[in-house]
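Naming convention: chains lettered A, B, ... in sequence-line order (proteins, then strands); numbering from 1 in each chain.
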There are 2 protein chains.
Amino acid sequence: MTLRLRLSYGSVRFGPGKAELLERIRDSGSISAAGRDMGMSYKRAWMLVEEMNTAFRLPLVDSTRGGAKGGGARLTDAGAAVLAHYRRVVALAEQQGAADIAAIEDLLADIPDEK
Amino acid sequence: MTLRLRLSYGSVRFGPGKAELLERIRDSGSISAAGRDMGMSYKRAWMLVEEMNTAFRLPLVDSTRGGAKGGGARLTDAGAAVLAHYRRVVALAEQQGAADIAAIEDLLADIPDEK
DNA sequence: GTAGGATATGTTCGGTTGAACATATCGCAA
DNA sequence: TTGCGATATGTTCAACCGAACATATCCTAC
């Protein structure tokens, strides 16, 4: 049983997709590599980054064009902070709600094999 | 800032939409009335109910056709239980994660007016 | 035995969303 | 100064999803 959690403030939304994207950008140093790993087009990955950068007061991702390796991207302090806070909320929800989540799972019909 | 939470087990999913639908069915005693109130077609409401009833070992909604008032629907014990557990998980997540949620909100750009 | 209201399903149509394709630009290194 | 790799954007097309429309069925009350 997995838990997906999304925060919304007006039209601004932040959920598991953007969180994973931020994480992969942090690890790979590249928007395109992050998107590739997640099976999405570069364009989509870039649009999500753009959304986040405009939604927050400070950009969450800092990107540079050109250079030896063509460019790259990295998480800003704000980006790291948002990611950490989000991860923490999810972890808390999973821990604190474990009993209720298990109770629901017990009522489920079996069979759903994998994935 | 609102929080949306969805539980997934394989292809089976349960989130805010189905939870609200169950709640309204419990209160109105009708699938069509519940769907109407939520601004969805009867067909969609019925399909969601069908999904839930097949996903769980016991049906969450019990419906009857015909009769004086045409028929109706009511929550089963299993339905009430699932709804209560889900509500509890959400409430716990909101309470326990309040600090982190607020921290993210503080980093947001303002302006997003309403809705 | 017929009218009414809600469940139960099928079908069609339009909008939204993402995938795919296509360029343009940038800056360092060779 | 040319090539490379990644960012930055626009455009087009197919798939998916829900809305709307259309019936069929059921059962009680009158």
Side-chain angles (χ1 to χ4, degrees), chain A residues 4 6 8 10-56 58-76 79 115, chain B residues 4 6 8 11-56 59-76 79 115:
Chain A
R4 279 182 58 245
R6 171 164 306 175
S8 302
S11 58
V12 178
R13 300 173 189 185
F14 190 89
K18 288 188 184 136
E20 184 180 348
L21 187 60
L22 286 185
E23 205 161 46
R24 289 184 185 275
I25 288 174
R26 180 194 60 193
D27 294 343
S28 67
S30 159
I31 295 176
S32 68
R36 230 182 353 254
D37 292 346
M38 291 179 66
M40 71 173 70
S41 63
Y42 168 77
K43 168 140 195 183
R44 175 157 177 69
W46 180 84
M47 285 196 330
L48 293 176
V49 169
E50 177 69 11
E51 266 185 50
M52 289 188 275
N53 281 349
T54 60
F56 288 86
L58 272 50
L60 304 193
V61 173
D62 182 25
S63 60
T64 59
R65 287 201 288 192
K69 299 192 302 182
R74 66 180 190 82
L75 278 199
T76 63
K115 186 91 182 289
Chain B
R4 282 182 56 244
R6 169 166 305 175
S8 302
S11 58
V12 178
R13 300 172 189 186
F14 189 89
K18 286 185 182 142
E20 183 179 350
L21 186 61
L22 285 186
E23 205 161 47
R24 289 183 185 276
I25 288 174
R26 179 194 61 194
D27 294 343
S28 68
S30 159
I31 295 176
S32 68
R36 228 180 355 255
D37 292 346
M38 291 181 65
M40 70 173 71
S41 62
Y42 167 77
K43 167 139 197 184
R44 173 157 180 69
W46 179 83
M47 285 196 329
L48 293 176
V49 168
E50 177 70 11
E51 267 184 50
M52 289 188 274
N53 281 351
T54 61
F56 288 87
L60 305 193
V61 174
D62 183 26
S63 61
T64 60
R65 286 201 288 192
K69 299 192 302 181
R74 66 178 190 81
L75 277 198
T76 63
K115 184 98 183 286

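Side-chain atoms of B/S41 lie closest to D/dA19 of the nucleotides D/dT7, D/dA19, C/dC28. Closest to the side chain of B/R65, out of D/dT28, C/dT7, C/dC28, is C/dT7. Considering only side-chain atoms of B/W46, the nucleotide from D/dT9, C/dT7, C/dA8 that sits closest is C/dA8.
One side chain, A/S30 or A/S32, offers a donor N or O that lies under 3.5 Å from an acceptor on the other.
The shortest heavy-atom contact between B/T76 and B/P59 is OG1-O, 2.7 Å.
Here B/S63 reaches the OP1 or OP2 of C/dA8: one of its side-chain N or O atoms lies under 4.0 Å away. Taking side-chain N and O atoms only, A/S30 has a distance below 4.0 Å to OP1 or OP2 of D/dT7. For B/S32 and C/dT7, the shortest distance from a side-chain N or O to OP1 or OP2 is below 4.0 Å.
Judged by distance alone, with hydrogens and angles left aside, the side-chain atoms of B/N53 form a donor-acceptor pair with the main-chain N or O of B/L60 at under 3.5 Å.
Enclosure of atom CZ in A/R13 is not indicated, since only 12 or fewer non-hydrogen atoms of other residues, nucleotides or ligands lie within 6.0 angstrom.
For C/dT11, the base has a donor-acceptor partner in the side chain of B/K43 [N/O atoms by modelled type, under 3.5 angstrom].
Taking atom NZ of residue A/K69 and atom C1' of nucleotide C/dA30, one finds them 17 Å apart after rounding to whole Å. Rounded to a whole Å, the CE atom of B/M40 is 16 Å from the C1' atom of C/dT7. Regarding B/M47, its CE atom lies at a distance of 13 Å from the C1' atom of C/dT11, rounded to whole Å. In this entry the distance linking CZ of A/R36 with P of D/dG5 reads 11 Å, nearest Å. Protein atom CG of A/D62 is 12 Å distant from nucleotide atom P of D/dT7, rounded to whole Å. Atom pair A/Y42:OH and D/dT9:P shows a separation of 9 Å (rounding to whole Å applied). One atom, CG of B/L48, and another, C1' of C/dT7, lie 15 Å apart when rounded to the nearest Å.
Mapping B/G29 and A/R44 onto DNA chain C by nearest heavy atom places B/G29 at the nucleotide closer to the 5' end. Position along DNA chain D of the nearest nucleotide to A/G66 versus A/E50 favours A/G66 as the more 5'-ward residue.
Of the charged side-chain nitrogens involved, at least one lies within less than 4.0 Å of a carboxylate oxygen, so that A/K18 and A/E51 count as a salt-bridged pair.
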